Protein chains: 2
Amino acid sequence: MTNNGSASLYLQVARTLQDRIATGAHPIGSLLPTEHMLAEEFGVSRQTVRQAIGHLRGMKLLSARKGVGTRVEANRPQTSYYHTLQSLQDLFQFASDAQYRVTSADMVSVTGKEAEELGCRPGRQWLRLVGLRELPGESRGPLGADGPLCLTTVMIDGRYADVAATPRVHTRAIFAQIEDRFGVSITEVHQDIEATLVTEEQAALLRVEPGSPALLITRRYFGSGRTLVDLSRNLHPGGRFRYAMTVRREG
Amino acid sequence: MTNNGSASLYLQVARTLQDRIATGAHPIGSLLPTEHMLAEEFGVSRQTVRQAIGHLRGMKLLSARKGVGTRVEANRPQTSYYHTLQSLQDLFQFASDAQYRVTSADMVSVTGKEAEELGCRPGRQWLRLVGLRELPGESRGPLGADGPLCLTTVMIDGRYADVAATPRVHTRAIFAQIEDRFGVSITEVHQDIEATLVTEEQAALLRVEPGSPALLITRRYFGSGRTLVDLSRNLHPGGRFRYAMTVRREG
DNA sequence: GACGGATATATGTCCGTACATATGATGTCG
DNA sequence: CGACATCATATGTACGGACATATATCCGTC
């Protein structure tokens, strides 16, 4: 064994295999020798070899298929960074009691450019909501003066239009209502953040100066099979909102 | 066993334990019966019980400590969403050949508010870089007309000031240079995005109209022990940049 | 009462064996 | 030559036993 003798036997085996993979003795894509052969070579039980392989599988260096063998997947442990969310609600970075007050809800037939953006054929029916998100009553945050958190436009696939067919106040996110009501589950969300200026019309609704800066956050919610379930466009006045996230190293 | 008999034995055991945990028979924080007791109860070997427990540990439902026991950590598998990055470079969302052209590099002694923001005592030495990030030569992206990608100010802990002591052009991110040169590794990055307007001075440097919108992205890079290694403030002109990310459901 | 050592206990590691099962290769038959 | 059954093979599952090691507790000593 190349290692010191104090560590667990299976960790020594794992380390040796990892070294061999790193040095190219077992190229990516190739099959490792069988567990039986490795056990014999290292003079340990097959159980111990399996434990070592299991360790490396946890690091995504190896994968195994019954009846085939153990394949080398990666050269070295990829040091990836990740940002986790407890739930999709965390994408919204304001208090969870914020209300979405819908002022208009219209079924529209999308055309051309808009259809392309929604990833569907022209002529399909979508429900378009327009409204303001604001904090209820006195629970205004410390950040902004008062005024709505954002101006939100939502496009909902016609199949799920029932969740918001008439203008009203929503206390839960639209996607969450669709998930519950129709049993679809959101598997992926694409979020897009850009800077823009508010128009006069928007400024009046948001109670800010025309021409002041804003974050335009577009979110696309995808269900199974990468089908777009709903799309929301949130215009956040500059001083009233910021988007914060933390990424951590894996392991 | 509550399950059908076709699945693996250890999966049946795991399922039974999961049910018991979900129904509160084993409350969060409590210790499970010992592996030996469970093996006896289910009429299986201890090895099989361990495999079942290992399965639930992978789901973060259980944790184990040698000499103590197996503790219930969670009620049910948490469906978390995550956003992964291949490397921290992915936080920058422009071509990796972008250059950071530093126009000034000054060692400063931080005071009051700035010291607080950097999380250090007033009077500490930090290196302040100011410069523009731009694409080299002809490789201009399709998005913006030409002009710099962003105006970037970087604060570097005095200990690592050597990486950029004099103004010059950097082709690698500052944090990456610090990682290599000083052997520290960035374990966490905090990122903060807000909308703002560019001042006249900034507009001239970025070659945009004064008063146009911009994304201000502040990134704090932390090393081991949550110590701030460097902080960068990037001002991206509105039309020239957007921040995109995708989050996926776990499992 | 404080400190330290012996001890019981639970998980961790390791061995050997046996059989199950998915997979790809081989070979046979129409 | 193609479809299909057969077989060898590699990982997956399961058993039983044994010892290692970390931890908490008990107990005696100072």
Side-chain angles (χ1 to χ4, degrees), chain A residues 1-18 20-21 25-74, chain B residues 1-18 20-21 25-74:
Chain A
M1 208 72 20
T2 67
N3 210 283
N4 69 63
S6 66
S8 308
L9 196 46
Y10 83 92
L11 283 177
Q12 297 176 44
V13 173
R15 183 54 164 276
T16 303
L17 290 175
Q18 188 175 345
R20 288 185 186 174
I21 292 168
H26 299 302
I28 292 178
S30 69
L31 287 176
L32 234 56
T34 70
E35 296 171 350
H36 187 74
M37 289 168 66
L38 290 172
E40 192 163 345
E41 179 196 342
F42 289 119
V44 301
S45 72
R46 190 184 149 217
Q47 168 80 0
T48 300
V49 170
R50 279 184 65 75
Q51 214 169 342
I53 288 175
H55 186 70
L56 297 178
R57 285 172 67 177
M59 294 198 280
K60 304 289 184 74
L61 288 181
L62 297 177
S63 71
R65 275 178 65 200
K66 193 191 287 191
V68 181
T70 306
R71 199 169 295 278
V72 179
E73 293 293 337
Chain B
M1 208 75 19
T2 67
N3 210 281
N4 70 63
S6 67
S8 308
L9 196 46
Y10 83 91
L11 283 178
Q12 297 177 45
V13 173
R15 184 53 164 277
T16 304
L17 289 175
Q18 189 175 344
R20 288 186 185 175
I21 292 167
H26 299 300
I28 292 178
S30 68
L31 287 177
L32 234 55
T34 70
E35 294 172 351
H36 186 75
M37 288 168 66
L38 289 172
E40 193 163 345
E41 177 195 343
F42 290 119
V44 301
S45 71
R46 189 184 149 215
Q47 171 78 3
T48 300
V49 171
R50 279 184 65 75
Q51 215 170 341
I53 288 176
H55 186 70
L56 297 179
R57 284 173 67 176
M59 293 198 283
K60 302 291 185 74
L61 288 181
L62 297 177
S63 71
R65 276 178 63 200
K66 192 190 289 191
V68 181
T70 305
R71 198 169 295 277
V72 179
E73 293 292 337

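On a predicted model such as this, the values are computed, not experimentally measured, just so you know. First the proteins, then the strands, lettered A, B, ... as listed; each starts at 1.
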Q | Working for side-chain contact (heavy atoms from CB on, under 4.5 Å), residues A:Leu17 and A:Leu38 | A | CA-CA 10 Å; A:Leu17 290 175; A:Leu38 290 172; 4.1 Å; yes
Q. Would A:Met59 and A:His55 satisfy side-chain contact (heavy atoms from CB on, under 4.5 Å), going step by step from the backbone distance to the final call?
A. CA-CA 7 Å; A:Met59 294 198 280; A:His55 186 70; 3.9 Å; yes
Q: Given side-chain contact (heavy atoms from CB on, under 4.5 Å), test A:Leu62 with A:Val72 step by step and report yes or no.
A: CA-CA 5 Å; A:Leu62 297 177; A:Val72 179; 4.1 Å; yes
(Q) Working note: B:Phe42 + B:Thr48, criterion side-chain contact (heavy atoms from CB on, under 4.5 Å); need CA distance, chi angles, decisive distance, verdict. (A) CA-CA 10 Å; B:Phe42 290 119; B:Thr48 300; over 6 Å; no
Q: Determine, for nucleotides 6-14 of chain D in 5'-to-3' order, which nucleotides have protein heavy atoms under 4.0 Å from the base (write B), from only the sugar-phosphate (write S), or from neither (write -).
A: ----BBBBS
For residues 63-71 of chain A, run the donor-acceptor check on the side chains, cut-off 3.5 Å, and write out each pair with its distance to 0.1 Å, sequence neighbours left out.
residue : atom : partner : partner atom : Å
A:Ser63 : OG   : A:Glu73 : OE2          : 2.6
A:Arg71 : NH1  : A:Gly29 : O            : 2.8

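No side-chain heavy atom of B:Ser45 sits less than 4.5 Å from a side-chain heavy atom of B:Arg50.
Mapping heavy-atom proximity under 4.0 Å, the span of DNA chain C touched by chain A runs 5' to 3' from C:dT13 to C:dG24.
Within 6.0 Å of atom CD in B:Glu41, more than 12 heavy atoms from other residues, nucleotides or ligands are found, so the atom counts as buried in its surroundings.
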